[in-house]
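Everything quoted here is computed from the prediction, not taken from an experiment. Sequence lines set the chain letters: A, B, ... in the order given, protein chains first and strands last, and positions in each chain run from 1.
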Amino acid sequence: MKKEINLKLVVQPLLDWYDDHRRILPWREEATPYRVWVSEIMLQQTRVEAVKPYFERFVGALPTIEHLANLNEDALMKLWEGLGYYNRVRNMQKAARVIIEKYNGKMPGDYKQLLELPGIGSYTAGAIASIAFQIPVPAVDGNVLRVISRLTADESDIMKQSVRKDMENKLLQVMPQKRAGDFNQALMELGAMVCIPNGMAKCEMCPWYHYCEARKQGIVMELPKKQPKKKRKIEERTVVILQDRNKVMIQKRPSKGLLAGLYEFPNFLGSLSEEEVLNWVKEKGLLPIRIQKLEDSKHIFSHIEWHMKGFVVRIEEPQDMNFKGYLFVDPDQTKKEYSIPSAFAAYTKFSKYLF
DNA sequence: AAGTCGGGGCC
DNA sequence: GGCCCAGACTT
């Protein structure tokens with residue numbers, strides 16, 4: 001049963017707890033607008049521990065917004081390789097170019113202007129505004145939704161945008177004017193470390209132990225409520241590692257859709273036979289020497305599953321390397337220059353040394 | 001409001 | 001095997 005709680009009462013206990021328990025994070029100790037921005041984009045649907053190494057490498061390679069705006073696509077995707085949700089970094093570069101053009105290269109310190117930039121929604125705009133510019137606006141992410149719905153024993157479906165709006169409005173009323181960024185980070189820190197997303201909530205460690213309505217009602221683990229999601233669709237695919245003496249064939253994926261703009265080994269929808277693969281190779285005007293079956297593998301995306309079978313095909317050195325849309329590359333070069341998604345990890349290792 | 005978009009860690 | 005993660009964008 002939902003209960004109206006005076007949120008003003010819980011602000012200071014949370015800030016005090018945060019002062020004692022906050023983690024040292026690279027973007028937290030040096031909270032420049034650019035670093036906060038990069039971290040917030042990386043942290044979308046991604047855990048802190050996964051982000052850390054990417055963050056250091058990214059801001060090291062691209063220390064300013066201008067560096068980001070000017071980087072070529074392949075190098076940009078290479079910096080993001082393995083982090084997922086690749087449109088995040090494409091949008092970030094679009095935004096960087098807008099910032100150069102429109103804001104003279106400086107991140108705008110205004111919630112509404114931030115919100116207009118590509119890839120920055122209500123959460124990220126609030127996070128940047130409050131953390132980097134000390135503007136008292138909320139930043140409601142999954143942690144905040146969970147923590148507050150438990151605090152108030154609110155059984156509303158947190159996936160509904162009206163619920164999120166409501167929470168933003170209520171938090172706006174109680175934002176501490178001098179510590180907005182800390183307050184937002186404290187809410188998230190509580191969600192990440194105490195009122196955790198999977199697993200038992202550590203209520204005995206919680207600064208809101210005596211306030212939490214869900215704990216009083218014994219329904220902590222029932223919250224937050226969420227509509228059950230539908231199951232993923234399964235796709236059979238056949239992956240071909242096509243190699244000559246020292247090079248392997250890759251291709252660039254389309255600029256839109258799944259894994260947009262990344263590189264991949266040739267692959268086909270459905271389960272192809274050895275003959276079908278060899279026919280495809282010959283149609284390309286290439287001469288196969290050997291073919292060998294590789295292990296099956298599976299990769300799970302958010303809304304789809306690839307069930308893959310693989311072949312490695314050794315061919316004669318091609319006379320003409322100009323195949324439309326295909327590249328023959330040294331596997332080591334691939335490692336340095338071409339971003340290949342984790343979905344192909346099971347087969348990447350066979351791009352070298354097999355025969 | 002529902003679907004698209006990654007990858008990985010934890011239970 | 002299913003959960004969710006410092007969500008945003010498109011349809």
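Every residue meeting the salt bridge (charged side-chain N to carboxylate O under 4.0 Å, His left out) condition with A:Glu295, not counting sequence neighbours, appears here in chain and number order: A:Lys349. In this view, A:Glu4 satisfies the salt bridge (charged side-chain N to carboxylate O under 4.0 Å, His left out) rule with no residue, not counting sequence neighbours. For A:Arg22, the salt bridge (charged side-chain N to carboxylate O under 4.0 Å, His left out) partners at least two apart in sequence or on another chain are A:Glu29. In this view, A:Lys160 satisfies the salt bridge (charged side-chain N to carboxylate O under 4.0 Å, His left out) rule with no residue, not counting sequence neighbours.
Listed by first and then second residue, the salt bridge (Lys or Arg N to Asp or Glu O under 4.0 Å) pairs involving residues 177-193 of chain A are A:Asp19-A:Arg179, A:Arg23-A:Glu189, A:Arg28-A:Glu189, A:Arg179-A:Asp182 (not counting sequence neighbours). Among pairs with a residue in residues 51-75 of chain A, those fulfilling salt bridge (Lys or Arg N to Asp or Glu O under 4.0 Å) read A:Glu49-A:Lys52, A:Glu73-A:Arg90, A:Glu73-A:Lys252, A:Asp74-A:Lys252, at least two apart in sequence or across chains. Annotation: salt bridge (Lys or Arg N to Asp or Glu O under 4.0 Å) contacts involving residues 268-281 of chain A, sequence neighbours excluded, are absent.
Applying a 4.0 Å cut-off to non-hydrogen atoms, the residues of residues 121-138 of chain A that approach DNA chain C are A:Gly121, A:Ser122, A:Tyr123, A:Thr124, listed by residue number. The stretch residues 141-156 of chain A does not touch DNA chain B, since none of its heavy atoms comes less than 4.0 Å from the strand.
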Start with the C-alpha gap between A:Lys2 and A:Glu155, add the side-chain angles, then the distance that decides, and say whether side chain to side chain contact (heavy atoms under 4.5 Å, CB included) holds. CA-CA 7 Å; A:Lys2 180 178 175 181; A:Glu155 299 180 72; over 6 Å; no
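For A:Lys226 and B:dA2, the NZ to P distance is 14 Å, given to the nearest whole Å. In this structure, NZ of A:Lys231 is placed 19 Å from P of B:dA2, rounded to the nearest angstrom.
Counting non-hydrogen atoms under 4.0 angstrom, A:Val48 reaches a base of the nucleic acid. No engagement by A:Arg253 is indicated, since no non-hydrogen atom pair under 4.0 Å with the nucleic acid exists. Among the heavy atoms of the strands lying under 4.0 Å from A:Leu25 is at least one base atom, whether or not backbone atoms are also near.
Going from the P atom of B:dC5 to that of C:dA6 covers 23 Å, rounded to whole Å. When the P atom is compared between B:dG6 and C:dT10, the two are found 14 Å apart, to the nearest whole Å. A gap of 15 Å separates the P atoms of B:dG3 and C:dC3, to the nearest Å.
In terms of heavy-atom proximity, A:Phe328 sits nearest to A:Lys247 at O-CD, 3.6 Å.
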Base-contact (B) and sugar-phosphate-only (S) positions in nucleotides 3-10 of chain B, heavy-atom cut-off under 4.0 Å, - elsewhere: SSBBBBB-
Please list every donor-acceptor pair under 3.5 Å in which a side-chain atom of residues 108-120 of chain A meets a protein atom from a residue at least two apart or in another chain.
{"from": "A:Asp110", "atom 1": "OD2", "to": "A:Lys112", "atom 2": "N", "distance (Å)": "3.1"}
{"from": "A:Asp110", "atom 1": "OD2", "to": "A:Gln113", "atom 2": "N", "distance (Å)": "3.0"}

Without placing hydrogens or testing angles, list every side-chain donor-acceptor pair under 3.5 Å for residues 232-242 of chain A, not counting sequence neighbours.
{"from": "A:Glu235", "atom 1": "OE1", "to": "A:Arg237", "atom 2": "NH1", "distance (Å)": "2.7"}
{"from": "A:Glu235", "atom 1": "OE1", "to": "A:Trp306", "atom 2": "NE1", "distance (Å)": "3.3"}
{"from": "A:Arg237", "atom 1": "NE", "to": "A:Asn267", "atom 2": "OD1", "distance (Å)": "2.9"}
{"from": "A:Arg237", "atom 1": "NH2", "to": "A:Asn267", "atom 2": "OD1", "distance (Å)": "3.1"}
{"from": "A:Thr238", "atom 1": "OG1", "to": "A:Gly270", "atom 2": "O", "distance (Å)": "2.7"}
{"from": "A:Thr238", "atom 1": "OG1", "to": "A:Leu272", "atom 2": "N", "distance (Å)": "2.8"}

